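Model, not experiment: these values are computed from the prediction.
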Amino acid sequence: MNRIPFLTAMLMCLWTAVAAQELYMPRNIRNAVKRGTRTTTGVPGEKYWQNRGVYDIGVTVNTTEKTVSGKEKILYYNNSPDTLASVVIRFVNNIHKPEAPRAGQVSKDFLTSGLDILGFAANGQRYTINSNDWGTANKVTLSTPLLPRSKTEFEIEWTYPLSTLSGREGQIDPNTFFCAYFYPRISVYDDYNGWDLLPHTDGGEFYNDFNDYTVSVKVPTNYVVWATGTLENAKEVLQPAAFKRFRESLSGNKVIHVATAKDMEQGAITDFSEWNEWKFSARNVTDFTFATSNHFVWDAGSVALADDGKLKRVSVQAAYKDTAADFKNYVEWTKYAIRWYSDNLPGVAYPYPTMTAIQGYADMEYPMMVNDASLRDWMDSRLTVDHEVAHTYFPFYMGINETRYAFMDEGWATTFEYLIGISENGKHAADSAYKSFRIRNWISNPATEMDQPLITMSSQLSGAGYGRNSYGKASLSYLALKDLLGDGLFKKALIRYIDTWNGKHPVPWDYFNSINAAAKQDLTWFWENWFFSNHYIDLKVKEARSGTNNTTITLENAGGFAVPFDVIIKPENGKKKKYHYTPAIWKRKERTVTFTVPSSGKIEHVTIDGGIFMDATPEDNSYLL
């Protein structure tokens, strides 16, 4: 395919003539820049800080009563310059309480009584807590405030029931439990909003600090536990033969059946103790999740990666009902995804020691874990795990505030899902799946909520508006940027953004500024076009005139988005020729552009093809001469 170098060169010459513009920035982000915690150059400010915790958690799963009970110690570091007179305790699973505000209707099986706080202390001082009226984010006034740059030890004891209906967490079946968001945590206190008090409504997702976790999970004999992080006492909780198989899976390339259905039926996997205590650890992660079952089969393997010149292995595991045919491939599929993302895009080595997939219902990501439904369509099933594994980078490695800016993680996961899909299924199939699942429902629907600016806070969106902004439209913005910069510079800029902000909490303006700095370009026009507008995709060929050696085309951008496209010239006698234009053609913000492409002989028709950038009115994308 031919590109049009002279057009790019002409636009670059006009760069200095384009007046610099300033993106809208909300007052809280501006104030953070003034205070020196953030900058306009794409790097954290000299005074950047963030709080963190060290969590030591012990929980017991009562498989008869379907409850989770626990005790935890949290060593909380207030690294901020502020004195904190209160602390906000977040417990996501209070979304199950009947009175909780929710994004949609739920069935009775979803409802529970929620969290019961049995004990609460700060630095040894006991507090009387009545958690009956607690929601998902709850402020506790402290007798002794948390001083700037100090640490405080909190102790919390609690219990809660697992909902019968399993979604992101709960009972997958009567003897399989996915325990996400199972512990009270200290909500984020950050440099631009202070305490994160936004309630969880079950529509959006999450925002957490980077913490260290030491977690023990006590379950009855024959129950296996899978969790975020590294299993530290496998030899103690597994019978010798099962332990040997598990250990082999950590160092080889083949898939090991650690526990078959027959093994589980015969009680041949876990230690014979009435209760087993499974111990895990995870460092510098934003959450911790576990699952347990007495009948799920257990596959495991590992994948070797090069990381900073060293070879490391990532343990890859899958737990599922033996009847789930697609899950029998999950270890190999996940190994492929981890390697592809590490070697290609984003091009950053998978940063954690494990990844475990559990068969559930959520199609949901957690640090080092995914909860996916079993599907008959294996291509769809594989793209699902591709998408969830991609979330490793966004929001977990990058600490994205998903509650407010879901497009900063879902958009990237959707983009990586599409790109890895090309390698797995071929471009035609990947394009078809992407357009069908991610784009068509947006571009074919003219409703107002479909065209809200991407920068709109996700917590202010719902339904189709939330979905379109978070996934498809956001993904197209990243793919348009890739087309604009070219593959090499795009990857370089993306890696710089990741290297700069991993382990921190970037906001959209940090992303914009980081890419500007890495690309050495002021892309304000592009960010303004894609993130701060009500645009959509709609190109129209207004006119085409055939000359001696070229064809002159006048193209109208009725929808407004700065999208790439191909021009296809069909001579009356001869083969079609295709020319590619990047989004740079829209840099001057003109709604109508006129340009020429090489051609010879009588031209039959001219067609504009956006590919995955689907057009709202494709019927006016061709012009007969």
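With hydrogens and angles left out, the side-chain atoms of Thr617 and Asp538 include a donor and acceptor closer than 3.5 Å. Using modelled atom types, one finds a donor on one side chain and an acceptor on the other under 3.5 Å when comparing Tyr213 with Tyr183. In this structure, a donor-acceptor pair under 3.5 Å is present between the side chains of Tyr330 and Asp372. In the model, Thr607 has a side-chain atom that pairs as donor or acceptor with a side-chain atom of Ser622 under 3.5 Å. Side-chain contact of His391 with Glu410: a donor-acceptor pair under 3.5 Å is present, judged by distance alone. Side-chain polar atoms of Asn94 and His200 form no donor-acceptor pair below 3.5 angstrom. Remark: the Arg313 side chain and the Asn253 side chain contain an N/O donor-acceptor pair separated by less than 3.5 Å. If you check the side chains of His96 and Glu169, you find a donor sitting under 3.5 Å from an acceptor.
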Next item on the list: Take Phe178 and Tyr366 through the ring pair (Phe, Tyr, Trp, His ring centres under 6.0 Å) test and state the conclusion after the steps.
Entry: CA-CA 11 Å; Phe178 197 89; Tyr366 316 79; 4.9 Å; yes
Next item on the list: Take Thr334 and Glu332, measure what side-chain hydrogen bond (donor to acceptor under 3.5 Å, both in side chains) needs, and give me the verdict at the end.
Entry: CA-CA 5 Å; Thr334 303; Glu332 288 294 355; over 6 Å; no
Check: Do Tyr181 and Ile95 pass the side chain to side chain contact (heavy atoms under 4.5 Å, CB included) test, and can you show the C-alpha distance, the side-chain angles, and the key distance before you say yes or no?
Finding: CA-CA 11 Å; Tyr181 328 118; Ile95 190 68; over 6 Å; no
Margin query: Determine whether Asp326 and Tyr320 satisfy the following criterion, side-chain hydrogen bond (donor to acceptor under 3.5 Å, both in side chains), listing intermediate values before the conclusion.
Written below: CA-CA 10 Å; Asp326 56 340; Tyr320 55 95; over 6 Å; no
Margin query: What verdict does the side chain to side chain contact (heavy atoms under 4.5 Å, CB included) test give for Thr39 and Val33, after you've listed the backbone C-alpha separation in whole Å, the side-chain angles of each residue and the deciding distance to 0.1 Å?
Written below: CA-CA 5 Å; Thr39 71; Val33 172; 5.8 Å; no
Next item on the list: In sequence, state the C-alpha distance, the side-chain angles, and the governing distance for Ser293 and Thr176, and then conclude on side-chain hydrogen bond (donor to acceptor under 3.5 Å, both in side chains).
Entry: CA-CA 4 Å; Ser293 177; Thr176 304; 2.8 Å; yes
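Between Tyr497 and Tyr511, a ring centre-to-centre spacing shorter than 6.0 Å is recorded. Phe531 has its ring centre less than 6.0 Å from the ring centre of Phe512. For Trp586 and Phe561, the gap between ring centers reaches or exceeds 6.0 Å.
Judged by a 6.0 Å distance limit and a 45° cone about the ring axis, Arg382 is positioned over the six-membered ring of Tyr336.
Counting heavy-atom neighbours within 6.0 Å of Lys328 NZ, excluding the residue itself, gives a total above 12. For CZ of Phe437, the number of neighbouring non-hydrogen atoms (other residues, nucleotides, ligands) closer than 6.0 Å is 12 at most. The number of heavy atoms from other shown groups lying within 6.0 Å of NZ (Lys540) does not exceed 12.
With Tyr207 as the fixed residue, the side chain to side chain donor-acceptor pair (under 3.5 Å) test singles out one of Asp190, Asn401, Thr403, Asp196: Asp190.
Although no hydrogens or angles enter the test, the distance criterion places a donor-acceptor pair under 3.5 Å between the side chain of Asn502 and the main chain of Ile498.
The two atoms that bring Phe407 and Tyr478 nearest to each other are O-OH, 2.9 Å, heavy atoms only.
A salt bridge between Glu417 and Arg438 is present, with a side-chain N of the basic residue lying under 4.0 Å from a carboxylate O of the acidic one.
Inter-residue side-chain proximity for Tyr341 and Asp386 is flagged as met; some heavy-atom pair is nearer than 4.5 Å.
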